[in-house]
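What follows is one structure encoded as structure tokens, with my remarks underneath.
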Amino acid sequence: MKSAILVTGGAGYVGSHTVAALLEEDTPYEVVVVDNLANAHKLPGQNKPEPLLRVEEITKKKIKFYEVDIRDENALSEVFDKHKIECVIHFAALKAVGESVQKPLEYYQTNITGTCVLFEVMRQHGVFKLIYSSSCTVYGDPVHLPLPETHPTGSALASPYGKSKYYCEEIMKDLCTSEPRWRVISLRYFNPVGAHPSGRIGEDPAGRPNNLMPYIAQVRMFYTDNTLILLLEDAMGMAEVDFDIDLLGLAVAPKDWSLYSIFLLLLRLVFIGSPLLFLRGLHPQLKIASEVVISYLRLQGARSVTKCGDSNWRTLEGRHL
Ligand SMILES: O=c1ccn([C@@H]2O[C@H](COP(=O)(O)OP(=O)(O)O[C@H]3O[C@H](CO)[C@@H](O)[C@H](O)[C@H]3O)[C@@H](O)[C@H]2O)c(=O)[nH]1
């Protein structure tokens, strides 16, 4: 039997891109996905969630999919019985910081109980290699910036989501102490954004997006000055709830704009006090203009100024499903 990598939550945003990357890299492993579709789409009559069908289409390779909840020990165990799993990449989790404050039990049950069930099943099947999808939230309130990996974790954690990721990291440390065969890597993402170069997969949550980038991606893009501001105000409403970002702006500068118009647009975004600056490099001189404005924003004490690369723009522009 071929050795396999199990990807939990592999139909989700980061998971589906990871599955694509594994297959594109010609992994010698069979790729097996479990996902309970809590935040992924499967259309009626399809045997796999849409993102995985698209990954198969992009890579021309097959994925083994099971609709399984990680809290269901028996169902999970059956997957391990059917495949020669050597390593688990664990993405399955609930991930919205704001929502977790409203629904702490759901978050602890899924993110901690589910993760413990997974670890138990792994142990029973002699699987000890794990890549865990953690979060920058484990750092809590930074004691110093920038944040190295050695920065203390676990203090002043504001949300059940952040706590669930921190507790899981502590559980993994205990596992490694208890049994030297455990090999664990924890990845603490900040704000993952972007989409596959094909544009066929991206972040496409079920229901109303809880995070900023897909929220914007699922709102229509407006290219005229006035409607652009409407979009921003809408997104800023979200930003107040969920995000700790200082400046929000969205600059879409058509090629024929003058440098002066670009400056006016950027400055307008600054003056409406927006918490994040998205810049699109369509205009040859936008880069120069944006560097000037970004320097200005930093002088004003902005902590977070984001420039979008091409893949982020694909996320913003594409409705993926
Ligand atoms: O009990 C559950 C809950 C969720 N899911 C699935 O897990 C995936 C999660 O993906 P998504 O909601 O798109 O989140 P990502 O943006 O991919 O979040 C990744 O990155 C976050 C940090 O940014 C981590 O907290 C998450 O664990 C990790 O999946 C989705 O397909 C869900 O259907 C399950 O299979 N079981």
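These numbers come from a predicted model, not from an experiment. Side-chain atoms are counted along with the backbone in the values below, which use heavy atoms only and exclude waters and symmetry mates. Read the numbers this way: they start at 1 and go in the same order the structure lists the ligands and their atoms.
Residue-environment remark: NZ (Lys129) stays at or below the threshold of 12 foreign heavy atoms within 6.0 Å.
Only the backbone of Ser134 comes within 4.0 Å of ligand 1, judged by heavy-atom distances. Only side-chain heavy atoms of Tyr189 come within less than 4.0 Å of ligand 1; its backbone N, CA, C and O stay farther off.
One option in Asp35, Thr8, Thr113, Asn39 has a heavy atom closer to atom 31 (O) of ligand 1 than any other, and that option is Asp35. When Ala11, Ala93, Ser16, Gly15 are ranked by how near their heavy atoms come to atom 9 (C) of ligand 1, first place goes to Ala93. Closest heavy-atom approach to atom 14 (O) of ligand 1 among the candidates Lys95, Lys42, His41, Glu67: Lys95.
For ligand 1, the polar-atom distance check finds an N/O of Val14 within less than 3.5 Å of one of the ligand's N/O atoms. Here's the thing with Asn36: one of its N/O atoms is less than 3.5 angstrom from an N/O atom of ligand 1. Considering backbone and side-chain atoms together, His90 places no N or O closer than 3.5 Å to any N or O of ligand 1. Here's the thing with Ser135: none of its N/O atoms is less than 3.5 angstrom from an N/O atom of ligand 1. Considering backbone and side-chain N/O of Val34, none are found under 3.5 Å from N/O of ligand 1. Some N or O of Ala38 is nearer than 3.5 Å to an N or O of ligand 1, by distance alone. On a distance-only criterion, Gly12 and ligand 1 share at least one N/O pair closer than 3.5 Å. For ligand 1, the polar-atom distance check finds an N/O of Tyr13 within less than 3.5 Å of one of the ligand's N/O atoms.
Between Tyr189 and Phe91, the ring planes are parallel. Angles under 30° get that label, and only those over 60° would be called perpendicular. Between Phe128 and Trp182, the two ring planes are perpendicular [angle over 60°; tilted spans 30° to 60°]. Relative orientation of the His90 and Tyr132 rings is tilted, given thresholds of 30° and 60° on the angle between their planes.
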Legend entry - Steps toward side chain to side chain donor-acceptor pair (under 3.5 Å) verdict (Glu99, Tyr107): CA-CA 9 Å; Glu99 183 188 62; Tyr107 273 71; 2.4 Å; yes

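Side-chain atoms of Ser178 come within 3.5 Å of backbone N or O of Leu175 as a donor-acceptor pair. Although no hydrogens or angles enter the test, the distance criterion places a donor-acceptor pair under 3.5 Å between the side chain of Thr8 and the main chain of Ala92.
Heavy atoms of Lys165 come nearer than 4.0 angstrom to ligand 1 in at least one pair. At a 4.0 Å cut-off, at least one heavy atom of Tyr161 sits close enough to ligand 1 to count as contact. Put simply, no part of Gly114 is less than 4.0 Å from ligand 1, judged by heavy atoms.
Under 4.0 Å is where a charged nitrogen must lie from a carboxylate oxygen, and between Lys48 and Glu56 at least one such pair does. Of the charged side-chain nitrogens involved, none lies within less than 4.0 Å of a carboxylate oxygen, so that Glu57 and Arg54 do not count as a salt-bridged pair.
Between Val184 and Leu130, the closest side-chain pair of non-hydrogen atoms falls below 4.5 Å. A 4.5 Å side-chain heavy-atom check between Asp141 and Ser155 finds every atom pair outside the cut-off. Side-chain contact between Ile171 and Cys116 is present, with at least one heavy-atom pair separated by less than 4.5 Å.
Taking every heavy atom of Ala40 and a limit of under 4.0 angstrom, the matching atoms of ligand 1 come to 31 (O), 33 (O). Each of the atoms 1 (O), 2 (C), 3 (C) of ligand 1 lies under 4.0 Å from some heavy atom of Thr110. Residue Leu37 has at least one heavy-atom neighbour below 4.0 Å for each of these atoms of ligand 1: 33 (O).
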